[in-house]
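Step one of this worksheet: look at the structure below.
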Amino acid sequence: MSVFSHPEFDHHEHISFVHDEASGLRAILAVHNTRLGPALGGTRFYPYGTDEEAIRDVLRLSRGMTYKSAMARLPLGGGKSVIIGDPKTDKTPALLHAFGRGLNALGGRYIAAEDSGTSVPDMKCIHEVTEYVTGYHDKVDAEGQARTGDPSPATAYGCYMGIRAAAQHHLGRDSLNGLTVGIQGLGSVGYRLGRLLVGGGARLIVADVNESVLAEAREELGAEVVSTEDIYDQPMDVFAPCALGATVNPDTLQRLQAGIIAGAANNQLDRAETGQVLHERGICYAPDYVINAGGVIDVYYEQSGQYEPEKVHRHVEGIHKTLTEIFERAQRENKPTSEIADTIARERLL
Ligand code: NAD
């Protein structure tokens with residue numbers, strides 16, 4: 001299998017394949033670009049069916065981190081790592097330590113953080129053998145709540161600001177009062193986003209596969225609950241994908257009535273061309289890696305030892321301005337917002 005001719009290969013600076021026989025570790029670490037600073041990005045622990053799937057994911061995700069950090073104006077580059085295996089059965093301290101030694105070998109060019117399949121305790125465990133990991137510190141957020149490294153509250157707040165920016169640009173509304181937002185996925189980010197939206201006067205329609213979280217949302221947030229299949233057909237002003245990738249695709253676009261798509265999920269569009277379809281249909285799309293950058297902003301301040309809740313809050317709030325710039329430029333140049341975001345990110349990397 002060739003990496004250099006892989007369709008997702010995009011001038012990545014460094015790719016390491018790390019193996020540890022004793023613990024069974026099989027990991028791939030990808031540093032996409034360190035032009036703006038050391039590469040930072042999560043460690044995904046997932047039972048990939050083939051090595052090819054893992055390579056594709058790490059190449060794609062590490063490039064995405066370069067763009068995300070550039071758009072968030074962070075002095076960081078883009079990187080990502082994947083551990084091949086089932087996090088429920090294969091994760092052991094020995095394996096995480098072996099992974100940490102793999103990070104040491106990169107000497108700080110890549111800093112790992114939490115991602116799907118890994119957790120704050122895992123980051124603490126990796127930290128036992130390396131400095132090149134973050135997302136494990138205890139800290140206090142802007143509301144004065146004690147928190148571990150979990151970046152979800154910052155991600156949710158960034159999405160909330162992003163939805164407000166979209167409502168202002170697309171609907172000329174300063175407030176979310178009376179708007180209906182459909183949230184797909186009420187996990188760490190989606191549920192918090194729901195709370196913020198209700199606080200801002202919005203009404204929620206929600207879907208999740210987890211029944212208990214749906215009951216909570218009905219009770220606490222007054223949300224209307226629909227099935228995971230029916231969420232696409234609901235009358236709503238904003239569709240907020242906060243679960244899976246690729247849920248904006250030709251099939252769902254035939255059904256979605258929302259004029260705004262703005263949520264936390266990574267890789268929301270099934271492929272780049274879908275951005276053009278959204279543009280032609282006059283749907284205001286908040287590019288995923290711009291609106292969901294709250295988490296990486298939070299992690300950056302933690303990792304750099306400058307965690308001040310107010311500073312983080314203000315930086316995350318900047319997502320509103322960045323998105324407004326993207327929406328306006330997209331309108332001026334008559335181009336998809338996804339294309340404009342990529343263009344601005346690349347301009348910042350020159
Ligand atoms: P999470 O795992 O806590 O939540 C995901 C939720 O989606 C869960 O409640 C799950 O039950 C639900 N779900 C699964 N399948 C579903 C389906 N078919 N329909 C509806 N709901 C479904 O994850 P999270 O941390 O909240 O992240 C959500 C998304 O945002 C992910 O795509 C993640 O990559 C992205 N993201 C998260 C952060 C962060 O700070 N956590 C940062 C950037 C991007």
Side-chain angles (χ1 to χ4, degrees), residues 40-46 57 60-62 64-65 67-69 71-72 74 78 80 82 87-88 113-120 122-123 134-135 139 141 147-163 182-196 204-217 221 223 225-234 239-249 251-252 261-270 286-303 312 316 319:
L40 187 140
T43 301
R44 185 163 287 192
F45 203 135
Y46 187 78
D57 224 18
R60 203 170 47 94
L61 294 166
S62 56
M65 287 307 298
Y67 282 43
K68 185 182 295 205
S69 290
M71 287 309 290
L74 293 169
K80 201 87 181 183
V82 296
K88 293 199 186 77
E114 186 189 342
D115 201 84
S116 26
T118 56
S119 62
V120 173
D122 296 339
M123 298 304 116
T134 189
K139 57 195 178 196
D141 68 16
R147 310 210 342 242
T148 55
D150 179 10
S152 308
T155 307
Y157 185 57
C159 283
Y160 172 65
M161 294 311 294
I163 290 173
I183 305 183
Q184 179 181 48
L186 289 170
S188 313
V189 179
Y191 200 94
R192 290 181 168 95
L193 173 63
R195 274 200 194 115
L196 293 167
L204 304 183
I205 301 180
V206 300
D208 200 292
V209 289
N210 178 346
E211 288 297 330
S212 67
V213 88
L214 290 171
E216 216 175 309
L221 308 175
V225 172
V226 298
S227 75
T228 53
E229 209 22 63
D230 289 345
I231 185 81
Y232 303 108
D233 304 305
Q234 303 304 311
F239 174 55
C242 295
L244 323 157
T247 63
V248 181
N249 56 50
D251 169 44
T252 60
I261 297 179
N266 281 312
N267 303 314
Q268 290 169 29
L269 311 188
D270 62 330
D288 44 18
Y289 64 80
V290 181
I291 192 171
N292 74 13
V296 75
I297 293 171
D298 187 82
V299 166
Y300 164 72
Y301 281 96
E302 174 185 335
Q303 184 269 335
V312 178
V316 174
I319 289 173

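Predicted model only: the values in this text are computed from it and were never measured. Atoms within a ligand are numbered from 1 in the order they appear, just like the ligands themselves.
Between Thr155 and ligand 1, at least one N/O pair is under 3.5 Å apart. For a threshold of 3.5 Å applied to N or O pairs, the pair formed by Asn266 and ligand 1 contains at least one separation below that value. When only interatomic distances are considered, the shortest N/O to N/O separation between Gly190 and ligand 1 does not fall below 3.5 Å.
Scanning Pro241, Gly135, Ala243, Ala293 for the heavy atom closest to atom 31 (C) of ligand 1 points to Ala243. Comparing Gly263, Cys242, Ser188 against atom 29 (C) of ligand 1, the shortest heavy-atom distance belongs to Cys242. Counting heavy atoms only, Asp208 comes closest to atom 11 (O) of ligand 1 of the residues Asp208, Asn210, Leu244.
Between the side chain of Gln184 and the backbone N or O of Ala243, no donor-acceptor pair lies under 3.5 Å. A donor-acceptor distance shorter than 3.5 angstrom exists from the side chain of Asp208 to the backbone of Leu186, with no hydrogens or angles considered. Between the side chain of Asp115 and the backbone N or O of Thr43 there is no donor-acceptor pair closer than 3.5 Å. In terms of modelled atom types and a separation under 3.5 Å, the side chain of Asp230 and the main chain of Ser227 share no donor-acceptor contact. In this structure, Ser188 contributes its side chain and Ser152 its backbone to no donor-acceptor pair below 3.5 Å. For the pair Asp122 (side chain) and Ser119 (backbone), a donor-acceptor distance under 3.5 Å is present.
Protein non-hydrogen atoms do reach within 4.0 Å of atom 9 (O) of ligand 1. Distance check for atom 21 (N) of ligand 1: a protein heavy atom is found below 4.0 Å.
For the atom pair CG of Asp288 and CD of Gln268, the computed distance is 4.5 Å after rounding to the nearest 0.5 Å.
Looking from atom 16 (C) of ligand 1 to the surrounding protein, the closest heavy atom is Val209 CG1, 3.9 Å. The single protein non-hydrogen atom nearest to atom 43 (C) of ligand 1 is Asn292 O, 3.6 Å, given as residue, atom name and distance. At the top of the distance list for atom 27 (O) of ligand 1, counting protein heavy atoms only, stands Val189 CG2, 4.0 Å. Here the heavy atom of the protein found nearest to atom 4 (O) of ligand 1 is Gly187 CA, 3.2 Å.
By the criterion of a heavy-atom distance under 4.0 Å, both the backbone and the side chain of Ala264 are placed next to ligand 1. Of the heavy atoms in Leu186, only backbone atoms (N, CA, C, O) come closer than 4.0 Å to ligand 1.
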Exercise. Take Val209 and Thr228 through the test side-chain contact (heavy atoms from CB on, under 4.5 Å) and record every step on the way to the result.
Key: CA-CA 7 Å; Val209 289; Thr228 53; 3.9 Å; yes
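Atoms of ligand 1 found under 4.0 Å from any heavy atom of Thr228, numbered from 1 in the order shown, are 17 (C), 19 (N), 20 (C).
Taking the side chain to side chain donor-acceptor pair (under 3.5 Å) definition, one finds that Glu114 meets it with nothing, sequence neighbours left out.
Minimum interatomic distance between Cys242 and Gly190 (heavy atoms only, all atoms of both residues): CB-CA, 4.0 Å.
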